[in-house]
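Just below is one structure, and these are the notes that go with it.
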Amino acid sequence: MIHFVMLISRQGKVRLTKWYSPYNSKEKTRTTREVSAMVLARQQKQCNFLEWHDLKVIYKRYASLYFIACVDPDDNELIVLETIHHFVEVLDRYFGNVCELDLIFNFHKAYHILDELMMAGELQEPSKKTILRVTAAQDALMEGNGDSKAVPELKYEI
Amino acid sequence: MSIRLRELIRNVRACKTQADERACIHKECAAIRTAFKEESNELRHRNVAKLLFIHMLGYPTHWGQMECLKLVAGTKFPEKRVGYLGLMILLDERQEVLMLVENSLKMDLHNANQYISGLAMCSLANIASAEICRDLSPEIETLLANSNPYIRKKACICAIRILKKNPELAENFVDKVASILADRNHGVLLTGAKLMFELTQAEPSSIEVLRKQVPTLVRVLKNLVLSGYAPEHDINGITDPFLQVALLKLLRVLGRGCADASDQMNDILAQVATNTESSKNVGNSILYECVLTIVAIEAESGLRVLAINILGRFLANRDNNIKYVALHTLLKVVDSDVNAVQRHRGTIVECLKDADVSLRRRALELIYVLVNETNVEALVGELLAYLPVVESEFKEDLVSKICSVVEAYAPEKQWRVDTIIKTLTMSGAFVNDELASSLTSLISKSPEIQGYTTSKLHAALSADLHNVAQTLVQVGVWCVGEYADQVREAPPGAAAVTSAQALDLLDRVLHSVTTALTTKEYVLNALVKLSTRYQGDVAAQARVRQLIAPYRSSIALELQQRAHEYHALFAWDSIRAGVLERMPPMEKKAKAVDPLAVARAAGGAPSNGTSGTNGAAGGGARPAASAAAPAPPAAEVDLLADILGGMDVVPSTPSGAPPTSAAMRLPTSAAALGGGGGGVGVGGGGGSGAADMLMDLLGGDASPQMAQPVAIAAQGNPMGGAGAMGAMAASGMPPMMGAMQPQSMQAPTAAAGPAEWVAYEKGPLKVRFAASKEGGNPAVTNVAITFTNSAPSPLTDFVFQAAVPKFMKMQMQPASGSVVPAGNSGAVTQLLKLANSAHGQKPIAMRIKVEYALQGNKLSETGEVASFPDGY
């Protein structure tokens, strides 16, 4: 299973972290620091896997962002890379040519998409179309255009 | 006035300095707090969203947790969506607050709106604690049969979480999964396959039941492989690789160890292995999983060959990722098919030179396993070439690996010594004491290479003294002291070392700034030994004295004491040669029992348990060091401790006062010098020589005074003291000496008699401890452990492990067998020796772990040993 997912900018800024295993806040800070330092130090041609403590860190760089997933040592590294790519493609279609700024200003939407893609560290939906459909439907509910027309006076815009 | 999230993010990004950012965040936090206090419902979700952003920046946000709970309890979808998001980010399973949300979760799971139900399940799957999982398990069981695939797939993952936290609930789900496989929705199939896998992990007995599903699984996989272009699930021309991988992984556990099930999947595996396009990562991910499955199950030999060939292709791939997984997998295959892996040795060695640390690490593990008698010289050569460039964090591991393969497979002793010296000189500070100990034992046991080694070590140290590890210097100095007389004429294959050269080296070591105190102690020992090795060489004799003399006023107590003792010894020409006899051959120090690492004594298992720190980590598959013959039990001779035996038992003399009298001090170090081995049962010629001398000395002096140093020694370090006492006892002490023993030992508590009790009982297994005190030393306890089994069938593969706290040392002998007979009809026994350095202050504590198989089910239990009786 995936223990955590992390999005780190090339400058080492954290753009998103999702923890599927319990870590306390101190461990989270330390892990983020260690993992991002390790990943940022990698050269382009090197492989996308790093052994870290008893786990494996799988990362892939997309433009200015590193997508990082930490998995069990026996997990299939290659399919984890595909999972990361799957996430990136969904983000790309959702935002329409996604860039780092989209994720900064809409970090909560990235979380929502990730929650539709993955639960408890396991991929739940292999179809990009389905993920986009259910996310869009929930976004519509947020704006009150959906079936919650009952309270039009409340603006639910974040 | 509340600002929007977007505005906050913009403000924060506009901050030029950290201080600005902090100020901005604090201002916003204050505003949010006020809003929370006013209980304004309209903007709560916006405030929580802002809080999440602040949390991501690393500021404390625990004060907002309760607001998430309030949002979750709200009725509107936007509130719930933000509330659950906050819940998942700000909380985890360990927080008590989570209990408050259980009721909302339960309500929402059955909400008519699928998305609200989905949010609740998502939270359950991500952060629910074991209790919540157990409480909500019935709800999830119902939802598994929901008509909506969106709900079903999420329920599957919730079930995975439930099983991870409560494996005992597995039976509730076993009969529910069959229907899932009939689903047409890929999300449900994917999560269903994962759920089945989790079931096999949580409850191994369910594998048998799930094997019935193999034909269905094969059919689903076949449909995926043969289906044409499916736009919704296509990735680079392959239909749903995620599902394929999940199915292959599941087939792996179902086929393992079952010929029938393996037969059923042979065809489809062959199809996947041959038909999958391998030009892209997606295809390779499936091939990789397929190979893992073929290797694990009882596959036909043709299929295995196919799998190994795929790995060979992977290894030749230019993509480092693929290379990495190939190396990773070959390590798993190497057990069953060494020759196939040996064929790729060249490529693997090449990977050692790669710039990528991940690849190098994998290659190293693999090479370590591939070494055998025929290729050891070539492969060790490669490893030595790698040594200078390896990152310092792996250096120690690499050094110990090189040494252990050299030890196991060296064709001849001289090559072995050469290689080890070369490794140690190249490795700088990264040498552990164990290596030194094994080298010294090798030298002491092989008279034919003693001269050669001494000369080589002398040359290595003379060439470079500052960049080598102190341990190596100590070994070198020790060799010079022991065998200097053998190198006055050139030994075969090496240069001669004259007395002047030997003393030059010792002189340099003694006065080098990098030399550690302990090493100086070795040098003093070596010097005094040289005084007898160079009998008749007046210049050398004089120089020895001259080098030792200044240390009589050294501020280091140990050095000062030794210098005094040795100085006094110069006056005893008649016995000096006897005291300074060569050390008898010694056994290799058995693996130090690391109190943290669990001592492993696998009875009857083929592996001799090289688990430890530097053992066959990763390669653990093979008893790599099997050549390190099982050392005779109880002959754990700590060489280093013996040479320096005196150091371990430093009497606590105030440093200002001069040592009372040299004669009084001699007992401790004399026993150590001559052949302290006697204390632990090795006892060579040197041992008895020392003891004779000891008696001479003691006999000539007043006994009440003599008792003092020994008594202090015994208190200072129970083990060391016991060694010194043992040496005396072994040599047949006169009654007078024997009489002084009880008084000097001063047992801190009354000696406890033997005791027997049930230390641990779980299921059919009962563990009885019978403890007794080792004669004379209250700190040492011998424990005889008896395992009995009340179940109707025997416990097989039985392994007992124990761990003790740091202040204790433990030595464990192999068990009498690995099968505990059924129905209490027999027993397995195992002996254990404990030394409690805090005897009298802290009681003996021990944690144990037992592993066994009962009717094919592997079980593992851990527990605390019921306390030892008083006095232990």
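We name chains A, B, ... by the order of the sequence lines, and we start the count at 1 in each one.
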Side chain from CB out, backbone as N, CA, C, O: work out which of these in [X] comes under 4.5 Å of a heavy atom of chain A, or both, or neither.
{"X": "F53(B)", "result": "both"}
{"X": "V188(B)", "result": "neither"}
{"X": "N284(B)", "result": "both"}
{"X": "V282(B)", "result": "both"}
{"X": "F242(B)", "result": "both"}

Check Q124(A), Q138(A), R133(A) against E116(A) for a side chain to side chain donor-acceptor pair (under 3.5 Å) and give me the one that passes.
-> Q138(A)
Classify the side-chain pair [X]/[Y] by whether it contains a donor and acceptor separated by less than 3.5 Å.
{"X": "E21(B)", "Y": "Y59(B)", "result": "yes"}
{"X": "N281(B)", "Y": "E82(A)", "result": "yes"}
{"X": "S64(A)", "Y": "E100(A)", "result": "yes"}
{"X": "H328(B)", "Y": "K56(A)", "result": "yes"}
{"X": "H85(A)", "Y": "Y62(A)", "result": "yes"}

Among the options [options], pick out the one with the most heavy-atom pairs lying under 4.5 Å from chain B.
{"options": "A120(A), G121(A), P73(A)", "result": "A120(A)"}
{"options": "V14(A), T17(A), T83(A)", "result": "T83(A)"}
{"options": "S21(A), P126(A), A137(A)", "result": "P126(A)"}
{"options": "Q43(A), H86(A), E51(A), E122(A)", "result": "E51(A)"}

For chain A, which of [options] has the most heavy-atom pairs under 4.5 Å?
{"options": "D354(B), I160(B), N236(B), I89(B)", "answer": "I89(B)"}
{"options": "I157(B), T191(B), L8(B)", "answer": "I157(B)"}
{"options": "D240(B), L85(B), D92(B), L52(B)", "answer": "L85(B)"}
{"options": "R81(B), H233(B), K249(B)", "answer": "R81(B)"}
{"options": "Q95(B), E232(B), H186(B)", "answer": "E232(B)"}
{"options": "R94(B), R361(B), K323(B)", "answer": "R94(B)"}

Contacting moiety of [X], where chain B heavy atoms sit under 4.5 Å:
{"X": "Y20(A)", "answer": "both"}
{"X": "V134(A)", "answer": "both"}
{"X": "T29(A)", "answer": "neither"}
{"X": "K45(A)", "answer": "backbone"}
{"X": "L101(A)", "answer": "side chain"}
{"X": "N106(A)", "answer": "side chain"}

Is a salt bridge present between K154(B) and D115(A), judged by a nitrogen-to-oxygen distance below 4.0 Å?
-> no
Using a strict cut-off of less than 4.0 Å between a Lys/Arg side-chain nitrogen and an Asp/Glu carboxylate oxygen, indicate whether R42(A) and D356(B) qualify as a salt bridge.
-> yes
Value for CG (L247(B)) from CG (L224(B)), rounded to nearest 0.5 Å, stands at 6.5 Å
Below 6.0 angstrom between ring centroids: does that apply to F49(A) and Y59(A)?
-> no
Considering only heavy atoms from C-beta outward, does the side chain of C351(B) approach that of L327(B) to under 4.5 Å?
-> yes
Whether N48(A) side chain and L81(A) backbone form a donor-acceptor pair below 3.5 Å | no
Expected output: side-chain K280(B) to main-chain I235(B) donor-acceptor under 3.5 Å | no
